[in-house]
Asks: 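This is the structure I want to talk about, given as structure tokens.
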Amino acid sequence: MKSVASAPGKVILFGEHFVVYGVKAILCSIDKRITVTSKLADNNSIKIESSLGKIEANVDSITKLKDPSAVLMKPLIYIVTKTLEKFKKNVGVEIKIESEIPAGIGLGSSSACCVAAAASVTGLFEKLKREEILKFAIEAERTIFQNTSGADCSVCTYGGIMEYDKKNGFKKINSNIDLGLVIANSAQPHFTSELVNRVREFRENNEDLFVSLCEQESYLIQKALSALEDRDLHTLGKLMSENQSFLERIGVSTQKLAFLIEEAKKTAYGAKITGAGGGGCVIALTDKTNLNNTLTRLGKHVDCFSARIDYKGLLDTF
Ligand code: MEV
């Protein structure tokens with residue numbers, strides 16, 4: 001028996017990092033997916049195959065593996081071992097991950113993978129509700145990133161555009177806005193948990209400034225929600241560029257990211273880092289009038305592609 005599930009990647013339109021401290025963020029999922037296929041195996045071993053590597057070990061010893069691939073695959077190992085425990089099954093499981101989202105560039109590959117794997121592996125035994133999958137995916141992601149706000153897994157599960165805050169969770173935004181997003185990959189590697197730690201240090205050393213930036217970010221997000229409702233791309237773009245200036249203040253931009261953002265702003269409505277920063281991707285807001293110009297402009301410097309909003313979220317087929 002096979003259980004297949006897929007989940008979309010995401011971009012953060014507004015509010016990354018500040019969301020970790022309770023500020024609202026606005027996110028949307030994109031039309032690039034991760035697909036996880038699971039099947040039961042006769043032996044008692046767990047086999048995981050992905051672009052991060054390949055591991056295979058006995059159910060009882062897999063959590064003790066120390067090689068680098070096993071460390072990166074900790075959330076997946078957690079999902080498989082916890083599922084076998086929950087359903088009291090003494091079997092082996094093989095999982096295969098196929099991704100249209102490059103890993104480690106801020107487009108939610110890790111969250112999408114946790115969501116799709118949680119649905120695919122539990123689907124071998126029972127179809128769980130989306131909220132249960134989301135809870136399990138966040139628990140799995142916490143094995144490598146303790147302080148995640150949960151925003152990324154939420155949008156990868158439910159899809160579409162949403163506002164999210166840690167206290168109230170997510171709320172779908174029913175805007176028919178036709179966003180054209182250009183995503184440019186700086187090719188500078190980054191690790192989300194390190195960047196989140198860096199911002200925590202910044203906050204400890206600049207308490208008043210950080211409080212003021214959180215207030216300004218909250219105010220900006222209220223304006224962005226109105227602009228989304230009014231489908232006002234000009235205002236949204238300006239607000240994205242303004243959000244970028246806050247991200248620069250907290251130290252998560254780089255020279256290359258700042259350069260790409262300035263380039264993008266020559267043709268797009270606005271641009272900013274998306275996700276943790278320190279590398280990874282820049283997003284530029286466009287529509288059909290300036291999408292191609294922006295792609296051409298950024299494409300002279302780095303790899304870039306256009307993305308649209310995914311409205312489906314987690315999909316599973318058993
Ligand atoms: C990473 O995609 C977004 C951060 O805000 C961390 C989080 O929300 O968990 C940097």
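When a ligand or atom number is given, it counts from 1 through the structure's own listing order. As the structure is a prediction and not an experimental result, all values here were calculated from the model.
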Asks: Give me the ring orientation class for His234 and Tyr269: parallel if the planes are under 30° apart, tilted from 30 to 60°, perpendicular past 60°.
Replies: perpendicular

Asks: Return yes when atom NZ of Lys172 has more than 12 non-hydrogen atoms of other residues, nucleotides or ligands closer than 6.0 Å, and no otherwise.
Replies: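 It does: Lys172 NZ has more than 12 such atoms within range.
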
Asks: Is the shortest side-chain N to carboxylate O distance from Lys135 to Glu131 below 4.0 Å?
Replies: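 Glu131 and Lys135: not salt-bridged.
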
Asks: Identify, by atom number and element, the atoms of ligand 1 in contact range of Gly275, meaning under 4.0 Å from any of its heavy atoms.
Replies: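 Near Gly275, meaning under 4.0 Å from one of its heavy atoms, ligand 1 has 2 (O).
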
Asks: In ligand 1, which numbered atoms sit nearer than 4.0 Å to a non-hydrogen atom of Thr148?
Replies: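 Listed by number with element: 9 (O).
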
Asks: With a 6.0 Å cut-off on ring centres, are Phe191 and Phe145 close enough?
Replies: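 Judged by ring-centre distance (under 6.0 Å), Phe191 and Phe145 do not meet the cut-off.
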
Asks: Take Glu94 and Ser38 through the test side-chain hydrogen bond (donor to acceptor under 3.5 Å, both in side chains) and record every step on the way to the result.
Replies: CA-CA 6 Å; Glu94 281 181 32; Ser38 310; over 6 Å; no

Asks: Looking at Arg33 and Asp310, is any side-chain nitrogen of the basic one under 4.0 Å from a carboxylate oxygen of the acidic one?
Replies: yes

Asks: Number the atoms of ligand 1 from 1 as they appear, then name those within less than 4.0 Å of a heavy atom of Phe145, with their elements.
Replies: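 The list of qualifying atoms is 6 (C), 9 (O).
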
Asks: Would you mind listing which atoms of ligand 1 come within a distance below 4.0 Å of any non-hydrogen atom of Glu16?
Replies: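 Near Glu16, the atoms of ligand 1 are 5 (O).
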
Asks: Backbone or side chain, does any N or O of Asn147 fall under 3.5 Å from an N or O of ligand 1?
Replies: no

Asks: With respect to His17, determine whether any N or O atom, backbone or side chain, lies less than 3.5 Å from an N or O atom of ligand 1.
Replies: yes

Asks: I need the minimum non-hydrogen distance between Ser186 and Val302, along with the two atoms involved.
Replies: CA-CG1, 4.3 Å

Asks: Atom 1 (C) of ligand 1: which protein heavy atom is closest, and how many Å away?
Replies: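 Minimum-distance protein heavy atom for atom 1 (C) of ligand 1 reads Asp152 OD2, 3.6 Å.
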
Asks: For ligand 1, which atoms have a heavy atom of Lys10 less than 4.0 angstrom away?
Replies: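 Those of ligand 1 that fall under 4.0 Å from Lys10 are 2 (O).
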
Asks: What protein heavy atom sits nearest atom 8 (O) of ligand 1, and how far off is it?
Replies: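 Result: Ser149 OG, 2.6 Å.
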
Asks: Give yes or no for whether the N/O distance cutoff of 3.5 Å, strictly under, is met between Thr192 and ligand 1.
Replies: no

Asks: Tell me whether the centres of the aromatic rings in His301 and Phe259 are closer together than 6.0 Å.
Replies: yes

Asks: Got the closest protein heavy atom to atom 3 (C) of ligand 1, with its distance?
Replies: Ile12 CD1, 3.6 Å

Asks: Taking only heavy atoms of Val19 into account, list the atoms of ligand 1 that are under 4.0 Å away from them.
Replies: 5 (O), 8 (O)

